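Because the structure is predicted, anything quoted here is derived from the model rather than measured. Position 1 is the first residue of the sequence, and the numbers go up from there.
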Amino acid sequence: MSGPADPIAAAPAAGSAGRPAQPGPRAGFVLGMLCFVYVLNFLDRQLIGILAKPIQDSLGVTDGQLGLIGGLYFAMFYCFIAIPVGWFADRTNRVGVLSLACAIWSGATVACGLASNYTQLVVARMMVGFGEAGGVPPSYAIITDTYPPGKRAAALGIFNLGPAIGAAAVVAIGAAIAETYGWRIPFIVVGAIGIVTALAVWLLVREPERGATDPVPKAATAEKAAFWPTVGMFLSNPILMLAALGSGATQFVTYGLGNFAVLFLMREKGMVFSEVAVWYALVLLVGMGGGMVVSGRVIDWMTKRSRAGYAMAPALSLAVAMPFYLGFVWAPGWPLALALLAVVMVFNYFYLSASVALVQEEVKPNQRVLAGALLLLIMNFIGLGLGPTWVGFASDWFKSMGNPHGLQTALYTLTPFYLVAIALFLWLARILRREAGTRQVSV
């Protein structure tokens, strides 16, 4: 696939004498477009969780079935389709792949709103996952080929505002529309906006040159990466695998919480849709959004001093977030719960910009989309696939055992995964320090 002849360019000019280039004059526009696509990506993904209660009331589904829709069923397509999509995008036009993927997941989102039973909703959600598999990995590579080292984590931090803005928007808009018009209309509205956006990406963003901002000769990036050697390289590289596993353990918490947070706040804390649409949306926008922006700048600052900053930033942030998470689940009322959750949101997402930036810099330019897809496969299958599924079935099990607060108890069981994630990131930091010491000795 190739873009139109006259789009707005994304690629900056290459640096000379082995020095990386600076971002081009249109880099900010391209970053903004990609961020908006990510907003829609997350809007579509989170609608099920936000509208969980009216969907349950309408279709008669249990917490466990909701967990499967938002978790395993979605992730089976989202994670595994990302691998062939990543390989294909590394060899063709990444902007074209992104545009097509956005159109597919948006059309499937409309289908979710038209579902008349649980089976139809499952099929539509699987198609959303199929489309979204082609959304994030190409964006990672486009940004990396648009921003040079030293600016990438900050750019990726801005890009990763997409989940925060998308989550806040889906709460505010989705809850408000659902309260007035029912749960189906938000799916149809968001899907229609996505189809228009897919066309805009195709017309306005041009494919950047691979390796354009890297301090290496362009000839080194021209060869197309082979599929299985790239997969083998990723799976055998302890730096890449620890980044993926640490991110997966973190996402087990973030997705397990995120898919049931609104249902939990309404069922256990006494919130209603009108309060969710305002206060929970603000917590997501300020907490998660602030964390994304701050994390990118903190990571760029830390990694200028030591590459281990890619691992220490998420390890320290998760250690701060954990006690506030326990307080959120325990809090007797929703105002205190939301105040504690705001802190959790700030510190829960440092891992994302750190892991993405590390993986993109660790591999060759012609391996970036596939490497990004492999990162997403591992961390999203663990987190997105298993986190919500775990919470949903745990909630049903605790309720079957006579616990009147089964969902609250299920959320408590996510806490050990904070400890697992912290341990994995500390292990990664140790390897990065040892690698840096080995390089200094060899020099």
Side-chain angles (χ1 to χ4, degrees), residues 71 75 78-79 82-83 136-137 140 152-153 156-157 159-160 163 231 233-258 288 291-292 294-296 298-300 302-303 306-325 344-363 368 370-388 390-391 413-436:
Y78 180 73
C79 296
I83 302 305
V136 179
Y140 285 160
R152 286 174 182 163
L156 287 165
F159 172 71
N160 286 326
V231 173
M233 174 278 301
F234 192 102
L235 297 178
S236 63
N237 186 320
I239 292 175
L240 300 177
M241 284 300 298
L242 283 171
L245 292 172
S247 299
T250 306
Q251 285 197 344
F252 197 97
V253 177
T254 60
Y255 277 113
L257 167 63
M288 190 190 299
M292 292 295 187
V294 171
S295 68
V298 168
I299 292 160
D300 275 338
M302 292 181 70
T303 53
S306 170
R307 200 160 177 249
Y310 283 124
M312 288 305 301
L316 294 173
S317 68
L318 291 172
V320 173
M322 184 171 64
F324 288 93
Y325 172 76
V344 174
M345 290 294 180
V346 170
F347 291 100
N348 257 7
Y349 292 92
F350 272 54
Y351 79 95
L352 190 55
S353 296
S355 294
V356 171
L358 176 60
V359 168
Q360 294 291 296
E361 291 188 6
E362 183 74 10
V363 303
R368 281 176 174 154
L370 181 53
L374 288 164
L375 171 67
L376 291 176
L377 165 64
I378 295 169
M379 72 181 189
N380 282 327
F381 185 78
I382 295 171
L384 176 58
L386 302 181
W390 168 275
V391 173
T413 66
L414 294 176
T415 310
F417 290 91
Y418 272 110
L419 300 176
V420 173
I422 291 168
L424 289 168
F425 281 121
L426 290 176
W427 186 3
L428 174 59
R430 181 180 179 184
I431 291 177
L432 290 171
R433 288 196 189 98
R434 187 171 60 205
E435 181 190 70

State, to 0.1 Å, how close [X] and [Y] come at their nearest heavy-atom pair, and which atoms those are.
X: Val420; Y: Ala249; result: CG1-CB, 4.0 Å
X: Ala421; Y: Gly246; result: CB-O, 3.8 Å
X: Ile382; Y: Gly248; result: CG2-O, 3.5 Å
X: Ser247; Y: Ser355; result: OG-OG, 2.7 Å
X: Gly383; Y: Tyr255; result: O-CB, 3.7 Å
X: Ala315; Y: Ile422; result: O-CG1, 3.8 Å

When rounded to the nearest 0.5 angstrom, what is the spacing between [atom1] in [X] and [atom2] in [Y]?
X: Met345; Y: Tyr325; atom1: CE; atom2: OH; result: 10.5 Å
X: Leu257; Y: Leu414; atom1: CG; atom2: CG; result: 7.5 Å
X: Leu428; Y: Arg433; atom1: CG; atom2: CZ; result: 10.0 Å
X: Thr303; Y: Leu432; atom1: OG1; atom2: CG; result: 11.0 Å
X: Leu370; Y: Leu375; atom1: CG; atom2: CG; result: 11.5 Å

Does any non-hydrogen side-chain atom of [Y] lie less than 4.5 Å from one of [X]?
X: Val136; Y: Val356; result: no
X: Leu376; Y: Tyr140; result: yes
X: Thr254; Y: Gln251; result: yes
X: Phe350; Y: Val294; result: yes
X: Leu419; Y: Met322; result: yes
X: Val359; Y: Phe234; result: yes
X: Arg307; Y: Leu358; result: yes

| query | Run the side-chain contact (heavy atoms from CB on, under 4.5 Å) check on Val346 and Met288 step by step: do they pass? | reply | CA-CA 5 Å; Val346 170; Met288 190 190 299; over 6 Å; no
| query | Crowded around Phe381 CZ? As in, over 12 foreign heavy atoms under 6.0 Å? | reply |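 Atom CZ in Phe381 is not packed in, count stays at 12 or less.
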| task | Compute the centroid of each ring, for Phe425 and then for Tyr351, and state whether the two points are separated by less than 6.0 Å. | result |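 No, ring centres 6.0 Å or more apart.
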| said: Below 30° counts as parallel, above 60° as perpendicular, anything between as tilted: where do the rings of Trp390 and Phe417 land? | reply: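 The rings of Trp390 and Phe417 stand perpendicular, inter-plane angle above 60°.
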Compile the donor-acceptor pairs under 3.5 Å between side chains in residues 236-245 and protein atoms, sequence neighbours left out, one pair per line.
from   : atom 1 : to     : atom 2 : distance (Å)
Ser236 : OG     : Gly232 : O      : 2.8
Ser236 : OG     : Met233 : O      : 3.3
Asn237 : OD1    : Ile239 : N      : 2.9
Asn237 : OD1    : Leu240 : N      : 3.4
Asn237 : ND2    : Glu362 : OE2    : 3.4

